[in-house]
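To start, the structure itself, in structure tokens.
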There are 2 protein chains.
Amino acid sequence: MTEDLAPRELRVLVAVGRERGFSAAAVALGMTQSAVSHSVRGSERKLGAVLFERGRNGATATAAGERALAHARRVLRLLDVMAAEVRGARSGAEPDILAGPLRIAAFRSAALHLLPRVLGRLTARHPELVPEVRIVREVGRGTAGEVLDGRADLGIATIGTSSPVPPELVGGVLLEEGYALVHPAGHPAPRTLPLVDWTENCTSYTREWWAGQEWLPPATVEAEDDGAVLSMVSTGYGMAVMPELSLVGAPSSVEITDLGPERPTRSVGYVTTPELAASLAVRALIRELRAAAG
Amino acid sequence: MTEDLAPRELRVLVAVGRERGFSAAAVALGMTQSAVSHSVRGSERKLGAVLFERGRNGATATAAGERALAHARRVLRLLDVMAAEVRGARSGAEPDILAGPLRIAAFRSAALHLLPRVLGRLTARHPELVPEVRIVREVGRGTAGEVLDGRADLGIATIGTSSPVPPELVGGVLLEEGYALVHPAGHPAPRTLPLVDWTENCTSYTREWWAGQEWLPPATVEAEDDGAVLSMVSTGYGMAVMPELSLVGAPSSVEITDLGPERPTRSVGYVTTPELAASLAVRALIRELRAAAG
DNA sequence: GCCCATCCATGAATGCCGCTCATACGACGA
DNA sequence: TCGTCGTATGAGCGGCATTCATGGATGGGC
């Protein structure tokens with residue numbers, strides 16, 4: 001009896017997990033809801049465990065299902081890597097033809113202001129390479145979680161003591177960037193304005209710095225993301241302390257003030273799996289990232 | 001189109017690689033030679049590369065085939081782990097019922113003197129877990145090669161600058177052990193005896209130490225392995241410089257002399273794949289290894 | 001040189017397995 | 001109560017993997 005799951009079945013599981021429902025997964029996979037149902041049931045029978053809790057609106061993974069999903073993504077990724085490597089190793093092909101998708105997870109400001117340059121140069125050098133960037137909020141496991149779960153090949157993340165590189169991943173610091181004060185241009189007393197902050201910044205590197213300051217902002221407003229913060233500042237609503245990466249291409253209606261040598265900083269780096277770190281495509285990307293950061 | 005290989009096809013590839021021939025693989029798998037031929041051809045078409053060189057007596061893997069085989073073994077192993085873990089996590093079962101085989105590759109002295117304790121405690125905690133230990137000579141790629149090729153889940157290896165953890169694997173240092181002088185008990189001038197060494201030790205950590213010594217042994221004899229070395233020393237044939245792990249349970253007919261603070265040392269650690277590093281069984285093993293080493 | 005043994009390759013027939021179609025079932029909201 | 005939005009299920013069909021039978025290549029024995 002064929003005891004283990006076929007790649008097809010794994011893809012179905014992953015799709016159901018992603019789409020949170022059999023019907024949606026079926027649409028995403030271009031097959032029938034019935035086929036998905038049959039397939040999941042078959043997988044559950046083979047594994048001897050219920051993988052999804054079926055409910056009123058869709059299906060959610062059980063504990064067993066979560067484990068199955070994590071492994072399924074890994075297996076599928078390994079199969080992809082196998083295909084790529086074997087194709088790359090066929091009969092003396094030279095190793096510099098990089099092709100295929102390269103999935104990158106990045107937080108917002110990196111995706112908007114760091115990656116475009118990098119990916120431009122990368123695709124110029126390797127035209128067959130198709131980078132796919134996904135913007136991930138830096139909360140919870142952040143971009144490293146995407147890599148761990150097999151949803152991304154490389155993640156751009158802030159790296160520090162509060163968010164170290166997970167032990168099963170490898171990574172490195174690309175650049176250290178400082179925070180700067182940003183406020184409406186020409187404002188006579190910007191420090192009296194309310195402080196605008198955003199979710200991802202909460203647990204971040206600025207807290208310690210604020211503790212050492214005598215200056216206390218009159219109020220704190222929370223915005224959706226750093227883009228929204230910048231927009232609020234530019235309309236004169238408040239001031240903010242933001243990393244330089246978020247300030248690339250800031251409009252002329254805001255003014256950026258250096259906070260001096262004691263300003264807070266954060267380290268921006270990358271994380272990937274050791275396996276992918278050995279692959280040529282990821283190595284080429286890291287090379288470009290290093291070049292752009294240095 | 002189903003672009004990636006089914007587990008069935010992977011098993012065929014692995015069998016052909018192991019049996020070195022289509023016909024032999026067929027009988028091993030209980031199917032027809034024809035089926036094997038069709039299956040391999042299909043795999044080759046899907047991957048776009050020739051995987052086996054067909055010859056007069058059997059088939060041998062090409063470079064591309066070797067890579068495919070390594071990945072195939074790992075994918076199949078991952079599928080097994082997935083099945084075991086998901087079954088362990090089914091519907092409210094306590095989360096850590098680990099079951100199934102756990103394949104460990106270790107060099108001789110670790111297998112004889114480090115693993116028994118560790119595996120005893122591991123199986124006490126997880127009775128359904130069946131560790132399988134394979135003794136691998138630490139030459140060439142050593143135990144890491146076994147892990148890379150998917151023939152072992154975890155390898156015990158010496159880790160250092162001359163043999164780092166390969167980039168596509170993860171690993172860690174468990175303990176640092178010193179070398180000691182061992183010679184026949186009661187010998188009046190042990191340093192005048194011939195030095196007995198063994199193959200795996202050749203490229204090892206002692207060389208540098210010897211370079212700094214004024215003491216030069218009168219002759220060097222090479223033995224099969226560290227067990228043979230110890231046996232030769234115990235019969236009075238010579239003396240040796242051996243790591244402490246090889247000296248556990250040494251007979252009373254030998255005497256062990258510390259070489260002082262400048263003695264050579266080596267680091268013993270583990271290596272595994274990132275996927276397996278996330279699996280519960282391997283994590284439990286590493287935990288026990290750490291506990292035993294610390 | 002001929003033959004045979006031992007491999008792998010190939011084409012047609014077959015049987016299983018996964019897919020679709022049609023339909024049933026259950027829950028929720030109007 | 002009905003309509004809608006989910007999943008479950010059984011019947012039937014089609015494709016794919018396997019088998020069977022056979023062909024082709026290669027090297028060793030005589």
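Quick note: numbers below take in every heavy atom, side chains included, and nothing from hydrogens, waters or symmetry partners. All values derive from a computational prediction rather than experimental measurement. Here is how names work: the chains are called A, B, and so on, in the same order as the sequence lines, proteins then strands, and each is numbered from 1.
- For A:Arg54, no side-chain nitrogen or oxygen approaches OP1 or OP2 of D:dG6 to under 4.0 Å.
- If you check every strand for non-hydrogen atoms under 4.0 Å, A:Gly42 touches nothing.
- Judged by distance alone, the side chain of A:Asp153 and the main-chain N or O of A:Arg103 form a donor-acceptor pair under 3.5 Å.
- Atom CD of A:Glu44 is separated from atom P of D:dT9 by 11 Å (rounded to the nearest Å).
- Electrostatic pairing of B:Lys46 and B:Asp4 does not count as a salt bridge here, judged by no charged N lying under 4.0 Å from a carboxylate O.
- The listed nucleotides are D:dA21, C:dC19, D:dT18; the one nearest the side chain of B:Ser34 is D:dA21.
- One finds a salt bridge joining B:Arg54 and B:Glu44 here, because a Lys/Arg side-chain nitrogen approaches an Asp/Glu carboxylate oxygen to under 4.0 Å.
- You won't find any donor-acceptor pair under 3.5 Å spanning the side chain of B:Ser37 and the base of C:dC8, going by distance alone.
- Backbone-only contact: A:Gly21 has heavy atoms under 4.0 Å from sugar-phosphate atoms and none from a base.
- Atom C1' of nucleotide D:dG6 and atom CZ of A:Phe52 are separated by 15 Å, given to the nearest angstrom.
- At the heavy-atom level, B:Ser23 lies under 4.0 Å from the strands shown only through sugar-phosphate atoms.
- Per the geometry, CD belonging to A:Glu19 stands 12 Å off P belonging to D:dG6, to the nearest Å.
- Judged by distance alone, with hydrogens and angles left aside, B:Gln33 brings a side-chain donor or acceptor within reach of the base of C:dA9, the pair sitting under 3.5 Å.
- Set against D:dC20, C:dT20, D:dT7, the side chain of B:Thr32 has D:dC20 as its closest nucleotide.
- The phosphate of D:dT18 (OP1 or OP2) has a side-chain N or O of B:Arg8 nearer than 4.0 angstrom.
- Across the protein-nucleic acid pair, B:Arg11 atom CZ and D:dA17 atom C1' stand 16 Å apart, rounded to whole Å.
- Taking atom CD of B:Glu9 as the reference point, atom P of D:dT18 lies 8 Å away to the nearest angstrom.
- In this structure, the nucleotide among C:dG18, D:dT18, C:dT20 sitting nearest to the side chain of A:Lys46 is C:dG18.
- For C:dT10, one of the phosphate oxygens OP1 or OP2 lies less than 4.0 angstrom from a side-chain nitrogen or oxygen of B:Arg41.
- Between B:His38 atom NE2 and C:dA9 atom P there is a gap of 10 Å when expressed in whole angstrom units.
- Between A:Arg151 and A:Glu146 there is a salt bridge, since at least one side-chain N of the basic residue sits less than 4.0 Å from a carboxylate O of the acidic one.
- With rounding to whole Å, B:Phe22 atom CZ is found 13 Å from C:dT10 atom C1'.
- In this entry the distance linking CD of A:Glu53 with P of C:dA27 reads 14 Å, nearest Å.
- A donor-acceptor pair under 3.5 Å is absent between the side-chain atoms of B:Thr273 and the main chain of B:Leu169, judged by distance alone.
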